[in-house]
Amino acid sequence: MTANVAVETTPEIPLWNDPTQDIGTRVSALIDAMTVEEKIAQLYGVWVGASDEGGEVAPHQHDMEEAVDLDALLPAGLGQLTRPFGTAPVDPALGALSLLRTQTRIAAANRFGIPALAHEECLAGFATWGATAYPVPLSWGATFDPALIRRMAAAIGRDMRSVGVHQGLAPVLDVVRDARWGRVEETIGEDPYLVGSIGTAYVQGLQSAGVVATLKHFAGYSASRAGRNLAPVGMGPRERADVLLPPFEMAVREGAADSVMHAYTDTDGMPSAADEDLLTGLLRDTWGFEGTVVADYFGIAFLRILHGVAGDWADAAGTALRAGVDVELPTVKTFGAPLAEAVADGRVPEALIDRALRRVLLQKARLGLLDADWNPVPAALGGADLDDPDALRGTVDLDSAENRELARTVAEEAVVLLRNDGTLPLGRPRRIALIGPNTAEPTAVLGCYSFPQHVGVHHPETPPGIDLPTLEDALRREFPDAEFTVVRGTGVDDGDLLGIAEAVDTARRADVVVAALGDRAGLFGRGTSGEGCDVESLALPGAQQHLLDALLDTGTPVVTVLLAGRPYALGRAVDEAAAIVQSFFPGVEGTTAIAGVLSGRTNPSGRLPVSVPRGTGSQPAGYLGARLAQASDVSNIDPTAAFAFGHGLSYTSFEWGGLTVDRPEADTSGAFSLALTVRNTGEREGTEVVQLYLHDPVASVVQPVQRLVGYARVPLAPGEARRLRVTVPADLASFTGRDGRRVVEPGELELRLAASSSDARLTATVTLTGPARHVDHSRRFHARFEQEPAHPAV
């Protein structure tokens with residue numbers, strides 16, 4: 001086999017294979033030529049694993065489904081290949097060869113030469129063996145830097161596309177409502193605007209590389225009761241509209257996302273996979289979404305198994321199709337023979353099949369998969385000798401130096417300095433006690449959807465495929481002259497107290513203690529953070545709080561470093577630790593980034609995307625609460641955060657001033673204009689993150705005390721000042737009114753320019769005038785920040 005492999009075509013190119021023709025006309029002609037069985041075959045995937053020898057993929061056997069016979073399926077065609085790279089460890093070059101050979105087989109087996117669309121996970125990088133593991137989405141949120149996340153996503157997309165992958169199952173746009181939920185690490189944060197702006201940037205970056213982004217989980221998954229995974233959602237339509245839907249609106253409109261994945265959950269008795277009002281009425285008819293809706297894995301079968309709204313597999317398939325689900329994933333179950341039988345006996349109209357098929361084929365056409373000159377050879381194998389698999393091994397690099405540099409930049413911007421009594425930066429300490437369960441654990445930087453934690457744990461004989469320096473490794477490089485003593489103290493979650501005495505003795509003999517605490521990512525109870533790893537309280541797992549308190553008692557300065565997937569209550573450390581450094585699973589370069597912050601080589605600029613609680617049991621909480629959600633004299637539970645959303649310290653200082661309001665009044669269709677000056681009053685370069693919050697004192701329905709409506713990163717050299725001009729559209733004051741429609745109401749507002757949700761520096765009182773005005777998904781989403789050139793100190 002050589003690199004110029006292509007599907008053979010007849011001299012007479014069929015209309016659907018002609019890229020010079022209108023795409024809609026091509027797809028219509030193809031649909032008209034297909035049998036019902038061929039149509040249905042395009043509406044499901046098969047879960048496969050690529051061959052590490054370069055042979056064809058093999059169906060993945062798993063608990064939920066019966067074995068799949070590819071020989072029996074392929075003559076009718078195949079819609080998708082599920083996770084060929086992300087099912088078992090495979091050399092990237094040989095995985096690409098395996099996928100190439102399989103795609104050639106698929107195209108040759110069906111009458112129309114249509115290949116499958118291959119999808120993979122990419123929540124924190126391409127989830128395959130040997131690919132760069134970037135920081136998790138919660139770290140993306142901590143950067144407050146959409147442009148950086150767009151760059152990262154583009155790099156991820158280029159790697160995926162280079163080996164033949166077409167679709168990525170990311171980003172997660174769920175807004176955190178309860179930090180006990182195990183999948184908090186996969187989210188971008190607890191604020192809809194932050195989630196929407198960062199998530200949309202990810203979509204734009206991924207799709208710029210030719211990879212379809214998939215928004216998930218639509219909608220409400222993160223609002224489950226008590227933070228339990230795949231549990232019922234108890235929210236009203238207003239919370240859904242104002243908190244959970246805006247990130248999806250933004251990513252559909254501004255990101256032009258080409259796929260959406262339905263959520264597992266049911267809301268007020270309606271499963272998302274069966275919700276026609278959501279998947280068709282809102283998503284398509286109102287928002288104008290034109291891509292595909294794919295099932296979360298086994299989600300259509302769950303309509304029967306878990307939700308009880310379908311009597312058999314055909315009923316489940318028909319219910320999902322009517323609602324607007326186009327593709328069954330991860331493998332064929334309900335959309336196979338049961339759906340074909342239901343069409344034959346009239347229970348499911350063929351028109352529903354055609355509707356979903358049109359969306360699937362339009363997407364394949366946009367990806368070039370219907371073109372006569374489609375070639376299964378991906379860019380990574382271009383020009384290679386495909387007949388010599390052994391020579392290919394090791395020739396595809398998915399963890400390049402450029403990737404690592406980008407991963408390090410994201411990790412550095414995502415490190416949040418929560419507390420510092422002046423101990424940091426460390427300078428040149430002589431004796432460092434490095435204590436805690438995450439001191440020497442290579443995978444402590446990885447989230448549950450990284451390949452080593454998601455798949456690699458099932459293959460302990462296989463190395464992780466990427467270099468994962470531990471925190472000990474990074475600190476020894478950062479402080480080459482220091483004397484280190486490393487003590488585990490306790491495990492992440494084993495509750496072991498036997499090592500604490502040794503840890504205390506070690507701490508007393510040191511100049512400074514670095515306590516490396518936090519999580520172990522895993523799935524379904526195999527970790528302390530990750531899918532299915534929900535918690536009853538936000539206490540540090542295991543005996544880690546006992547260890548931390550014992551270290552604080554020694555009197556030696558304790559720098560607490562958290563490598564975690566969610567925020568935790570830290571007890572006495574909030575007030576007594578010398579410093580607290582928060583990092584949310586920062587990826588392959590995470591420990592290097594943390595070491596740079598501890599030494600002062602990097603000035604931290606991360607900001608909290610989720611609040612850090614003071615108490616272990618005051619959930620659900622978060623800053624986005626109404627007045628009744630705040631501390632009061634009529635409850636003994638105080639939900640006030642120890643460190644609020646948006647909080648983060650720097651090694652320099654900033655002065656805010658010079659607030660002017662050019663337009664303090666605007667009608668409900670207008671905009672306000674204001675300006676401020678931010679000056680770096682410290683002695684080193686730093687970045688301030690200016691956050692804009694809106695407070696609506698009187699509204700027709702209860703509003704959060706404040707909500708984020710804009711932000712800007714402002715880099716400044718020592719002594720430099722920058723004037724920021726901010727235009728705030730009235731649309732940002734909109735909310736869902738009593739009649740269920742989004743409205744901008746006249747009245748007084750406060751625009752708070754703040755360093756965090758609990759630290760307003762400047763406040764402008766402005767007034768909306770004129771009649772109430774209804775807005776929709778086409779409303780303006782952003783405040784516009786314009787930064788004038790920096791001015792040096794006078």
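Worth saying up front: this structure is predicted, and the values here are computed from it rather than measured.
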### By ring-ring contact (aromatic ring centres under 6.0 Å, His included) - contacts of Tyr623 (at least two apart)
Phe645, Tyr693
### Query
How would you list, by chain and number, every residue that makes a ring-ring contact (aromatic ring centres under 6.0 Å, His included) with Phe248, sequence neighbours excluded?
Phe218
### Task
Decide side-chain contact (heavy atoms from CB on, under 4.5 Å) for Val610 and Leu138; before the verdict, give the C-alpha distance in whole Å, the side-chain angles of both, and the deciding distance to 0.1 Å.
CA-CA 8 Å; Val610 285; Leu138 203 56; 4.0 Å; yes
### Task
Would you please test Val743 and Val775 for side-chain contact (heavy atoms from CB on, under 4.5 Å) and show each step?
CA-CA 6 Å; Val743 64; Val775 296; over 6 Å; no
Which residue pairs satisfy the salt bridge (Lys or Arg N to Asp or Glu O under 4.0 Å) criterion with at least one member in [range], sequence neighbours excluded?
| range | answer |
| --- | --- |
| residues 773-784 | Glu249-Arg779, Asp731-Arg773, Asp731-Arg780, Arg784-Glu786 |
| residues 706-716 | Asp145-Arg713, Glu413-Arg713 |
| residues 210-225 | Glu121-Lys216 |

Euclidean distance, [Y] [atom2] relative to [X] [atom1], rounded to 0.5 Å:
| X | Y | atom1 | atom2 | value |
| --- | --- | --- | --- | --- |
| Leu283 | His777 | CG | NE2 | 10.5 Å |
| Arg607 | Tyr711 | CZ | OH | 13.0 Å |
| Tyr202 | Ile149 | OH | CD1 | 10.0 Å |
| Met152 | Ile156 | CE | CD1 | 4.0 Å |
| Leu148 | Leu406 | CG | CG | 6.0 Å |
| Leu724 | Thr677 | CG | OG1 | 8.0 Å |

[X] side chain vs [Y] backbone, donor-acceptor pair below 3.5 Å:
| X | Y | answer |
| --- | --- | --- |
| Thr668 | Pro771 | yes |
| Arg738 | Val701 | no |
| Arg742 | Ala241 | yes |
| Ser635 | Ser632 | no |
| Gln691 | Ala755 | yes |
| Thr200 | Ser197 | no |
| Ser139 | Phe584 | yes |
| Ser222 | Val175 | yes |
| Arg684 | Pro718 | no |
| Gln204 | Glu254 | yes |

Answer yes if the side chains of [X] and [Y] hold a donor-acceptor pair under 3.5 Å, and no otherwise.
| X | Y | answer |
| --- | --- | --- |
| Ser650 | Asn603 | yes |
| Ser756 | Ser758 | yes |
| Thr652 | Asn680 | yes |

What I'd like to find out is whether the side chain of [X] reaches to under 4.5 Å of the side chain of [Y], using heavy atoms alone.
| X | Y | result |
| --- | --- | --- |
| Leu562 | Val581 | no |
| Arg723 | Val678 | no |
| Leu716 | Thr687 | no |
| Arg253 | Phe781 | yes |
| Arg240 | Leu245 | yes |
| His217 | Val172 | yes |
| Ile198 | Pro146 | yes |
| Val260 | Thr214 | no |

### Closest contact, heavy atoms only, Ile580 versus Val574
CD1-CA, 4.0 Å
#### Entry: Minimum-distance pair of heavy atoms, taken over all atoms of Gln787 and Ala712
NE2-CB, 4.1 Å
### Message
Quick check on the 6.0 Å ring-centre criterion: do Trp140 and Tyr134 meet it?
### Response
no
Sequence neighbours excluded - side chain to side chain donor-acceptor pair (under 3.5 Å) pairs with any residue from [range]:
| range | value |
| --- | --- |
| residues 695-705 | Ser700-Glu745 |
| residues 257-270 | Gln167-Ser259, Asp258-Gln363, Asp258-Arg366, Ser259-Thr292, Tyr264-Asp296, Asp266-His307 |
| residues 269-289 | Arg284-Asp326 |

Just to verify, what does [X] make a side-chain hydrogen bond (donor to acceptor under 3.5 Å, both in side chains) with, not counting sequence neighbours?
| X | answer |
| --- | --- |
| Thr736 | Asp242 |
| Gln582 | none |
| Tyr568 | Asp519, Arg566 |

#### Entry: Step-by-step side chain to side chain donor-acceptor pair (under 3.5 Å) determination, Ser653 to Thr681
CA-CA 5 Å; Ser653 56; Thr681 55; 2.7 Å; yes
### Test log, rule side-chain contact (heavy atoms from CB on, under 4.5 Å), inputs Arg177 and Glu239
CA-CA 11 Å; Arg177 303 302 282 161; Glu239 179 183 357; 3.0 Å; yes
### Query
Yes or no on side-chain contact (heavy atoms from CB on, under 4.5 Å) for Leu692 and Leu708, after CA distance, side-chain angles and deciding distance?
CA-CA 6 Å; Leu692 176 65; Leu708 184 73; 5.6 Å; no
### Electrostatic pair Arg752:Asp759 at N-O distance under 4.0 angstrom
no
### Task
May I ask you to say whether Arg722 pairs ionically with Glu788, meaning some side-chain N is under 4.0 Å from a carboxylate O?
no
### Message
Taking atom CD as the centre, does Gln630 end up with more than 12 heavy-atom neighbours from other residues, nucleotides or ligands that are less than 6.0 angstrom away?
### Response
yes
## Note on the structure
Between Leu674 and the options Leu753, Val766, Thr660, Leu762, the side-chain contact (heavy atoms from CB on, under 4.5 Å) test singles out Leu753
### Task
Using the ring pair (Phe, Tyr, Trp, His ring centres under 6.0 Å) rule, collect all pairs that involve residues 653-680, keeping only residues at least two apart or in two chains.
none
